[in-house]
Amino acid sequence: MRIATWNVNSLNARLARVDEWLAYAEPDVVLLQETKMSDQQFPYGHFAAQGYDSAHHGQGRWNGVAVLSRVGIEDPVVGFADGREPDPDARIISARCGGITVSSVYVPNGRALDHDHYRYKLDWLGRLRAHLEATCDRADQVMVGGDFNVCPDGRDAWDPDNTAPRTHVSDREREALQAVCDWGLVDVFRAHYDADGLHSWWDYREGAFYKRHGLRIDLLLASASVAAATHFCLIDRNARKGTKPSDHAPVFADISQ
DNA sequence: ATGGTCGCGCAGCGA
């Protein structure tokens, strides 16, 4: 089974690129972020015609997450099930696809270290761990994929020597991400590749993609059984090329059975 | 050069 995650930066603007990618990558499950549309606008029928059932959690012009699956979608859960107040943003949707409990997550950007949005980001990662504790068991087959807006370590930023404090690489963000992983999840891409310079996002400005000035912030976090069954993982940087690309490349993992 | 490029939506914010 092939499970992918992709921040499409507006599904309306990216629909042709998504169709193209579904046709050649043939993923079984796709976790989308930043659809930037309402549930009423989501093209359920368009994906059904390509063999994918879908579940969407949108709010309109910002955020929005979805699951596409050609192996079934059971028991979709919108938002956090952690017993707290609802998240005001549409940033997580979960479902069971082909026996694996998947979540598509769009972690807040943070904006700046002294910004309220940074505190929201740290709290959001805490809520993600609480959501997993409330809804899953460590022994389950679980895959949490999405745009985490955090580089797990220095290999994941194009400029690891930049000592200026900034979002995406700060200690507190990395600790909050590590706390999610400590529940029982493995960064399956990193488990397959040690090298630096393997990025999943590049700014549209400054020709960042061609200079290889990127970040690896799009992650697939798998529970132990799913990580052990993952035999291949890739960031498809070809999808960042060409006409009207997203600023993120899709990442996928191939899982036995 | 203190910007640069997108998307949304029609000004200026968010990323």
Side-chain angles (χ1 to χ4, degrees), chain A residues 5-21 30-43 46-47 56-66 87-93 104-125 128 145-152 156-160 162-170 172-174 176-177 198-219 235-251:
Chain A
T5 180
W6 196 4
N7 181 325
V8 293
N9 184 19
S10 171
L11 185 55
N12 272 331
R14 217 63 59 207
L15 197 57
R17 296 299 303 258
V18 172
D19 289 348
E20 170 196 43
W21 196 77
V30 186
L31 311 173
L32 298 175
Q33 301 87 40
E34 283 207 87
T35 59
K36 295 186 175 179
M37 59 176 52
S38 65
D39 292 338
Q40 289 73 20
Q41 294 172 295
F42 188 82
H46 176 87
F47 290 125
H56 181 247
H57 177 33
Q59 67 181 79
R61 58 184 294 196
W62 285 301
N63 309 310
V65 285
D87 185 356
D89 290 354
R91 295 183 177 275
I92 178 170
I93 185 168
S104 176
V105 304
Y106 177 44
V107 177
N109 173 284
R111 298 182 191 167
L113 298 186
D114 60 355
H115 200 288
D116 278 344
H117 207 255
Y118 182 74
R119 288 179 280 281
Y120 172 53
K121 180 180 195 173
L122 296 176
D123 183 62
W124 203 95
L125 286 164
L128 176 56
D147 176 0
F148 283 78
N149 271 315
V150 180
C151 297
D156 302 313
W158 68 271
D159 187 10
N162 186 342
T163 55
R166 55 200 168 123
T167 61
H168 296 67
V169 298
S170 73
R172 292 176 71 192
E173 287 163 82
R174 286 178 169 161
L177 174 62
L198 302 173
H199 304 142
S200 64
W201 171 86
W202 302 261
D203 201 301
Y204 285 123
R205 295 169 288 187
E206 303 180 292
F209 179 67
Y210 303 97
K211 296 178 186 169
R212 298 183 178 269
H213 290 182
L215 304 175
R216 191 177 72 91
I217 54 178
D218 298 275
L219 310 176
I235 300 171
D236 183 8
R237 65 192 308 284
N238 283 323
R240 181 62 174 79
K241 303 174 183 174
T243 305
K244 281 177 74 75
S246 172
D247 46 353
H248 296 253
V251 185

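Only this structure's heavy atoms are used, side chains among them; waters, hydrogens and symmetry mates stay out. A, B, ... follow the sequence lines: proteins, then strands. Residue 1 opens every chain.
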**Message:** Using whole Å, what does the distance between atom P of nucleotide B/dG7 and atom CG of A/Asn12 come to?
**Reply:** 11 Å
**Item:** Between B/dC6 (P) and A/Lys241 (NZ): distance, integer Å
**Value:** 17 Å
**Asked** Mind checking the P distance from B/dC8 to B/dG3? Whole angstroms is fine.
**Response** 25 Å
**Message:** Would you measure the distance from the C1' atom in B/dG4 across to the matching atom in B/dA15 and give it in whole Å?
**Reply:** 14 Å
Would you tabulate the nitrogen or oxygen pairs shorter than 3.5 Å linking the protein to nucleotides 13-15 of chain B?
residue: B/dA15; atom: OP2; partner: A/Arg111; partner atom: NE; Å: 2.7

**Message:** With a 4.0 Å cut-off on N to O distance, would you call A/Glu173 and A/Lys121 a salt bridge?
**Reply:** yes
**Message:** Under the rule for ring pair (Phe, Tyr, Trp, His ring centres under 6.0 Å), what residues qualify as partners of A/His56, not counting sequence neighbours?
**Reply:** A/Phe42
**Request:** For A/Phe209, enumerate each residue passing the ring pair (Phe, Tyr, Trp, His ring centres under 6.0 Å) test, keeping only those at least two apart in sequence or located in another chain.
**Result:** A/Trp202
**Qualifying salt bridge (charged side-chain N to carboxylate O under 4.0 Å, His left out) pairs with a residue from residues 8-19 of chain A, counting only residues at least two apart or across chains** = A/Arg17-A/Glu20
**Message:** Test of understanding: with side chain to side chain contact (heavy atoms under 4.5 Å, CB included), list the residues that count as partners of A/Arg111, not counting sequence neighbours.
**Reply:** A/Asn109, A/His115, A/His117
**Request:** For A/His46, enumerate each residue passing the ring pair (Phe, Tyr, Trp, His ring centres under 6.0 Å) test, keeping only those at least two apart in sequence or located in another chain.
**Result:** none
**Request:** Determine the Euclidean distance between corresponding C1' atoms of B/dG14 and B/dG9; express it in Å to zero decimal places.
**Result:** 14 Å
**Asked** How far, in whole Å, is B/dT2 from B/dG7 if one measures between their P atoms?
**Response** 25 Å
**Prompt:** In whole Å, what separates the C1' atom of B/dA11 from that of B/dC6?
**Reply:** 16 Å
**Message:** Can you measure A/Lys211 atom NZ to B/dT5 atom P for me and round it to whole angstrom units?
**Reply:** 11 Å
